[in-house]
Amino acid sequence: MSVAQTNRLSTGGQIDRSRTVTFTCNGRRYDGYAGDTLASALLANRVGVIGRSFKFHRPRGILSAGIEEPNALFRVDIGKMSMPVVQATMQPLVDGLVATTENVWPSVDFDLGRLLDYTHGLWPAGFYNKTFKWPNWHCYEGFVRRLAGVGRLPEGADPTEYFQHNLHCDVLVIGGGPSGLTAALAAARSRARVVLMECEPRLGGSLLFEGGEIDGRPALEWLEHAVRDLECMSSVRILKNTTAAGYYDHNVLLAVDRSHANQTDRPVERLWIIRAKQVILATGAIEQPLVFTHNDRPGILLAGAVRRYLSQYAVTVGRAVVIATNNDDAYRTAFALHDAGIEVPAVVDARPEPSPEIDAQARSRGLEVISNAVPVDTAGRRGIQEVKIAQLSPDGRPDTRAMRTVACDAMAMSGGWSPTVHLYSQAGGCLRYDSARACFVPDRCRQAVRVIGRANGNFELAHAMEESAAAGRAAAHDAGFEPAPFVAPSVRGAPAWGIRPVRHVASGPSSRQWVDFRHDVTVADIELSVRENYVSVEHLKRYTTTGMAVDQGKTSNLNALMLLAGLTDRPVPEVGTTTFRPMYSPVSMGAISANMQREFYVPLRRLPAHRWHQTHGAEFDDYGGWQRPACYPRAGESREAAIAREVRAVRNAVGFFEASPLSKIEVRGPDAAAFLNRLYVNNALTLKPGRVRYGILLNESGIIIDDGVFVCMAPDHFLIYTTSAGAQRTAVWIDRWHQCEWPEFRVVISVVTTQWAVLTLTGPRARELLQSFDSDIDFSAEAFPHMCFRSGHFADVPARVQRVSFSGELSFEVNVPAKCAADLADSLMERGAACGIEPIGIESLDILRLEKGFFHVGIDTDGTTNALDVGFGNIVAKKQEDFIGRRSLMRPNDQRPDRRQIVGLEPVNLRDRLIAAAHLVRSDRGSWRSEGYITSACFSPTLGRSIGLGLLEGGFSRKGEIVTVFNEGRLFKARVVDPSFYDPEGGRMRG
Amino acid sequence: MADLRIHPLFGDHRALVRLRVSMSNVEAAARALDLPLEPLTTRGADPLAMWIAPDQWLLVSGTRSAAQLIADCEARLHGVLYNATDASDELACILIEGTAARALLAMGSGVDFDAARFLPGRCVRTRLAKVAVVVLAGVGERFELYVDRSVSHYLERWLERNANDPILPS
């Protein structure tokens, strides 16, 4: 059964009364209307306590009507969509919406967390840095963390779809209020591409509820025409429900679009990355609270918000509303309430008198104005019931001897307005304090940005419109467009804006006077911060947490700064402001990751014969960004058994392996050999056409960064193969050396990696299989020796073939155009059946190379391994010419005999298994220390025992020595041996 | 997205050749082969030459083989230090056409694909959805995406998924 909307006025507002919307809040059903926000509907239903404060769990009500709301935070469930920490003021009301207050136990009406409030003296700012020391923090951590926070992440799959868009424009206008609309119109007339962004569902901003006349017609009518004009222009894009959250260098902004977020059938959130030539910020201003004792009681709202609820939603926040202000603007709330038939028992004004025009209007309505007075305390059980008012003495202090109590059920307070400069600050803009308006306003910024209207401290609408029109034209001009004539809309009846910067009056306990509602920071916390010498505004922020996190000090920064200034006896400009940081308002992780979720997180590459491998039962894994077959297990066969079978097939017959990801880089030109000679440790100058040479690449420090073979196809044409994982990195690295360091080399570098598929046939019967195909390449041992290259046609397709081996067996790497890979694989398997061919995966190849003792760069080498550490000393010594890393290898430290050098290892006890990453340790004066580690290890199906490679201090001179292996708490012995476990003479691969 | 079509050109037998020349020979090569020198532009019809870097072009032909294109380079680039390599197997082509095509492209790349700027005949090499592509603008909101064949499945799926954003024009 829903509750009647007792605070809804019978007429007025811009809600659709013909469409009732039913929703639930904290277990109770309510009705609202289409066009309501969750906040306006709750107020209409007279729901006072909507949540509990962050730290003390004090009952809290709605404070504001916009994005600055610190109190009304709910988990919102709509259909399957669940979102934590949603501001009720920004949540459109939709049918079936379920709102739940989360940081309460057991309920929002009776929260045991309130005990923290009753013992608040124990929990001052930074209490967690001073307490919970014994026995240690972790004893309390769980309890404190459960108490902290304001929401829980929803469980289960997120039904919201997220998308990301890039958007370019000439002029970006942020804020769809009167200033933003005017600027957008002015800029759009010049045919510039204009994007107009508004965080709420409707354009209009304050025009939606402030009334007045523009260009001789009612504001709402002007608004309707302005919006229609903009919608008709093809160069204008309007983004509603879209909040600019981040402003970065080069006028790049990030915005979250929630225009489809509340669809029950298909919720969508969108992230916009906007690159704008010119930016206009029309972000408006945020009204600031007054700071007095018990100013956080439910029923106390910002005056502008009270006016908005009344005008836009036909909701009154109470039946007797006291106004407390230090400026003229709040009087408009008093007048609106009075005109709507709501009692206004008193207007409490901190100034000696309001502006004459305002004063006259108040008198004509018969309102009681208590001048030169401030609220000093409130009372009430579940909401405000009375307010205590004191006159200000000449020294600005309240005279508590002459206090007056006024009964009420709501209060509208106004400490003046503060320009919303968060985005401007994020853009690198500096602020200056405007003492006449008692707020910080934009000063200067290095980026192409203009600030207009209230965001620029220009609170008079008529002036703001002129400023906005000029800004729109200027922005279009600066974006390269001839500005078209545009007359600023004329505004009648602009209200006065006088203010006296009295926002806090020292009266009553400061620990009960709230500065930051979101983080439960009180005046006492700021006083403590100053006592402890955290007097820099940045220190204050971190010590007290005021203005931090998602709130970014929207309703607290200015008051905190002014209090700090007062407590440290400094002028406000000297105190300065903190830096506003992205995000201006929370952005969901889903929106940030948007187009990059799940299968789109990383673009995994596929082999040319990917489908072939699939149909032949490959088990795929991710290797260096490629989806590659790990092995090909048969039905009922384990992964280990499959790998062992594949190894045996290579040792006894022939294995087929797709090695297409190997990087292939062509270097062409008269200096190709000299260029390669500079890159490689190995000599490239002596390599003859048709020959292949293994080489390693070092960085400038002599550290091994990649390896592979290079082929001399012709004296001026070389082909480099690098490791698969290092393919892209090494190609870029080689190009960079040519472009940046050695442009004098007459070479052209072309990457052809994915043009060619590499089908490797390895095993004693590989030649026999290849010879069964039609080819103009002679595969005989005499015509095609080891480490040679031939090109021609194979099975009717162009082919480049080299005889190199990573398995220790006779091997041919057949390169064919990638599109031919799958067909050729079929042919090879078909004809290879007679030779016992098996497809093999990476795992078995890894065992094969380990049996042979071939090291794998990045696995058997680390960021300290140089060319000398892997046994390339002779090659380095013999090479006369310079190469990258050569100088570093000449340093004594690089030549130390006790460096970690590559060795073979096998367990002394054959039952022990070597494990990669296990350390090789020695006892040193009673304690163990590492002298190296096992880099690769496996159980060799060929040898029937565990083998491994490792990096061991002084390893080259320790062959035959017994070393100690430490693995997961267990010690065992291993023997240092030559790395080549299988066919050390190399007869099989050279055969 | 009603009229949006995304489809890979599986039966694409066009020849693609990457041509890279020494930076000191760029103008000579452009003269010899009638290559575009202005960035992000194309020249010719068959072969179509796309500017993809200050020293690189992508040549596309529907009537000649890659070998013929490479031979043509060899015949006309005397004295020019260059390397022409067959890319017909390396690159796959995905076609996107429809009113939403530009907006869809903008979902994956920071390039300005505005209709007034990225006109038919323009091309750009960029990173779209994390992979390197060459985008060629055709007439009638038709775009060809040349992408490494090893990631074309990924890009195709990515485009299909993002074409579902209800904000895309129909």
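No experiment lies behind these values; they were computed from the predicted model shown. To find a chain, count down the sequence lines: A is the first, B the second, and so on, and within it residues start at 1.
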Side-chain heavy atoms of [X] within contact of [Y], under 4.5 Å:
X        : Y        : answer
A:Gln755 : B:Thr85  : no
A:Glu666 : B:Arg20  : no
A:Val752 : B:Arg18  : no
B:Leu81  : A:Arg668 : no
A:Arg746 : B:Ser24  : no
B:Pro166 : A:Arg270 : yes
A:Lys819 : B:Asp89  : yes
B:Asp86  : A:Pro817 : no

Region of B:Ile167 in contact with chain A, defined by heavy-atom distances below 4.5 Å =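 Both parts, backbone and side chain.
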Per-residue contact mode, B:Arg157 against chain A (heavy atom under 4.5 angstrom) |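 Both backbone and side chain.
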[X] side chain to [Y] backbone, donor-acceptor under 3.5 Å:
X        : Y        : answer
B:Trp158 : A:Pro603 : no
B:Lys130 : A:Met596 : no
A:Asn166 : B:Ala106 : yes

Using heavy-atom distances under 4.5 Å, tell me whether [X] contacts chain B through its side chain, its backbone, both, or neither.
X        : value
A:Ala594 : backbone
A:Gln739 : side chain
A:Leu604 : backbone
A:Val747 : backbone
A:Val667 : neither
A:Val751 : backbone
A:Asp257 : side chain

A:His165 side chain to B:Asp165 side chain, donor-acceptor N/O pair below 3.5 angstrom =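 Note: A:His165 and B:Asp165 side chains meet the donor-acceptor criterion.
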Given the options [options], which has more heavy-atom pairs under 4.5 Å with chain B than any of the others?
options                                : answer
A:Phe600, A:Trp756, A:Trp272           : A:Phe600
A:Ser750, A:Pro798, A:Gly669           : A:Ser750
A:Gln164, A:Glu161, A:His738, A:Arg193 : A:Arg193
A:Val268, A:Thr753, A:Asp735           : A:Asp735

From [atom1] ([X]) to [atom2] ([Y]), nearest 0.5 Å:
X        : Y        : atom1 : atom2 : result
B:Glu90  : A:Thr754 : CD    : OG1   : 4.0 Å
A:Leu271 : B:Met107 : CG    : CE    : 10.5 Å
A:His610 : B:Arg149 : NE2   : CZ    : 14.5 Å

Within 45° of the six-membered ring axis of B:Tyr154 and under 6.0 Å from that ring's centre, is NZ or CZ of A:Arg606 located there?
->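 That pair does not qualify as a cation-pi contact.
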Taking everything shown except [X] itself, do over 12 heavy atoms lie less than 6.0 Å from its [atom1]?
X        : atom1 : value
A:Asp622 : CG    : yes
A:Gln263 : CD    : yes
A:Gln597 : CD    : yes
B:Glu27  : CD    : no
A:Arg191 : CZ    : no

Heavy atoms under 4.5 Å from chain A: which residues of residues 108-116 of chain B carry them?
->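 Counting heavy atoms that sit under 4.5 Å from chain A, the residues of residues 108-116 of chain B involved are B:Gly108, B:Ser109, B:Gly110, B:Val111, B:Asp112, B:Asp114.
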Picking from B:Val151, B:Leu155, B:Asn162, B:Val131, which has the most non-hydrogen pairs under 4.5 angstrom with chain A?
->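 That would be B:Asn162.
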